[in-house]
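This report concerns only the one structure given below.
Ligands are counted one by one from 1 in listed order, and the atoms in each one are counted from 1 as well.
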Amino acid sequence: MEKYQFTQQDMEKLARETAGYAGRLGHAPTAFVQTFGCQMNARDSEKLRGILQEAGFAEGADETADAVVINTCTVRENANERLYGHLGHLNSMKREHPEKLIVLCGCMMQEPDEVERIRRKYAFVDVVFGTHNLYRFPELLARRLSGEKHVFEVWDAPQEMVEELPKKREVPYKSGVNISFGCDNFCTYCIVPYVRGRERSRRPEDILEEVRRLAADGVLEIMLLGQNVNSYGKGLAEPVSFAQLLEQVCAVPGIERVRFMTSHPKDLSDELIAVMAHEPKVCRHLHLPMQSGSTRILKAMNRRYTKEGYLALAQKIRAAIPDIHLTTDIIVGFPGETEEDFEETLDVVRRVRFDSAFTFIYSPRTGTPAASMPDRVPPETVKDRFARLLDLVQTIGSEESLRELGQTLPALVEGPDEARPGRVTGRLGNNVMVHFDGGPDLTGRIVNVKLEERRGFYYLGTMVP
Ligand code: SAH
Ligand code: SF4
Ligand code: F3S
């Protein structure tokens, strides 16, 4: 547990109410926090878990817990459908266990229509809050536990940045660290700027202080988090570039590896490439979402780079950092996407040869400009393109991603290999996994592994001194 100095009074109030709740239940309450979204949501969930633990909740293993907190995502429609599916199930559980608490928060709660639907049709939901008032969770839950029926509070814009919340990390050896919140890019398909608000950068001294504390707590690997880390620093009293911040984070003693997510190609600087090239602690992995290979579609998406610009950037990065692994995000079926546009996407995939790629079917989001664009691509065409793209991405990924065969590289051991006793699973800096013989005591350590055999998308290896 990391230390904090925030609304201590609210925490004390919640702890008192939790003790009362334990009395009504006849046992110490359990809580289960489920994350539906990206790394940023996952980091928020660590804050929610920290608050619950501090208040006296034990960690529950699944949805049978006394309190279920769902940290929602709304980036694509299927994320929303998943929530409603879950709610039906939770409702029947609550009928059996009327003291059960159901809490919803996260990005989807920033959409007034969804909150209205929950209010009307899912009256068994106890507490709702959004992304901007996460730090009010202790106060809101305490109010519910003290007898208030529905405690719903969503703000449409952020107020102060409250950062010093308790946090309970998923694993002891690595951690995400927020460097900025929100997004100003307004890609025309994307709902994130609406549900996360305008881009705000944390002060570098606060970020470094958090990293130092994490290092003192045994963390080896840091993932710097922002919707667009490359535009970090705008609006700070003393502007700092992302490249400078990255160097400062690498300089913190005890930190062995640094990653970051996500990089917008339009803002990726030469200075950043130079820092990545000379700083051995920066992992040899860059996630560089391209979205489409067609300049025409990129323009309609408001991505502000061209096909040629993206290709040139990828080439420049590979030239400066030859062992880098490049991964990407691609959307298929954006309004107006023709067969020619799609061929351009395949062309970029063939030329850049990504180590892996997340492929998404375009999902219209209410309130975004693309949702009202004409020329929707028919579902059967989208399905066909998606299958062709996935096939290409996987073929190239399986050829490219294991190109270090025969080398010895450091791996951070994440734990025993579920599939085979006596073996552990480690992650290389380039994000590829390797399995090798070893005991669970290696978990959380960085060890050298000789990469001996390729298997699909991972290696088999042997630990070497
Ligand atoms: N900030 C990050 C990504 C945030 S969302 C960035 O700009 O790269 C993660 C991915 O979801 C995006 O890269 C995009 O590929 C996908 N995505 C976002 N909105 C989408 C939508 N409406 N339909 C389909 N995919 C979408
Ligand atoms: Fe969405 Fe674009 Fe911002 Fe990424 S950069 S969060 S895709 S608007
Ligand atoms: Fe989803 Fe919100 Fe992340 S919409 S992708 S959880 S920022």
| task | Measure the distances from the heavy atoms of R196 to every atom of ligand 2 and state whether one is below 4.0 angstrom. | result | no
| message | Does R202 qualify as a cation-pi partner of Y232, given the criterion of NZ or CZ under 6.0 Å from the six-membered ring centre and within 45 degrees of its axis? | response | no
| task | State whether the number of non-hydrogen atoms from other residues, nucleotides or ligands found under 6.0 Å of E339 atom CD is greater than 12. | result | yes
| task | Verify the distance criterion only: is there a donor paired with an acceptor across the side chains of N133 and E153 at less than 3.5 Å? | result | yes
| query | Using 4.0 Å as the upper bound for N to carboxylate O, is an ion pair formed by K100 and D66? | reply | no
| Angle class for the F334/Y189 ring planes (parallel below 30°, perpendicular above 60°, tilted otherwise)? | perpendicular
| F358 CZ: over 12 foreign heavy atoms closer than 6.0 Å | no
| Can you list the atoms of ligand 2 that are under 4.0 Å from a heavy atom of R303? | 2 (Fe), 7 (S)
| message | Check this for me: does any side-chain nitrogen of one of E59 and K168 sit under 4.0 Å from a carboxylate oxygen of the other? | response | yes
| field | Residues lining ligand 1 [heavy-atom distance under 4.0 Å, listed by chain and residue number] | value | V75, R76, Y189, Q227, T262, P289, Q291, R303, D329, I331, F360, I361, Y362, S363, R365
| query | Ignoring hydrogens and geometry, is there a side-chain-to-backbone donor-acceptor pair from N178 to S180 under 3.5 Å? | reply | no
| request: Take the angle between the ring planes of F152 and H150 and call it parallel below 30°, perpendicular above 60°, tilted in between. | output: perpendicular
| field | Protein residues having a heavy atom less than 4.0 Å from any atom of ligand 3 | value | G37, C38, N41, C73, T74, V75, C107, R196, Q227
| query | Looking at the rings of H325 and F354, which for Trp means the six-membered one, are their centres under 6.0 Å apart? | reply | no
| Strictly by modelled atom types, are K47 and N71 linked by a side-chain donor-acceptor pair under 3.5 Å? | no
| message | Any carboxylate oxygen within less than 4.0 angstrom of a Lys/Arg side-chain nitrogen, looking at K167 and E46? | response | no
| Among all protein non-hydrogen atoms, which one is nearest to atom 7 (S) of ligand 2, and what is the separation to 0.1 Å? | Y189 OH, 3.4 Å
| request: Test T328 against V393 for side-chain contact (heavy atoms from CB on, under 4.5 Å), laying out the working first. | output: CA-CA 10 Å; T328 199; V393 156; over 6 Å; no
| query | Which protein N, O or S atoms does atom 3 (Fe) of ligand 2 have within a distance shorter than 2.8 Å? | reply | C183 SG
| message | According to salt bridge (Lys or Arg N to Asp or Glu O under 4.0 Å), does anything in residues 278-288 pair up with another residue at least two apart or in another chain? List the pairs. | response | R284-D323
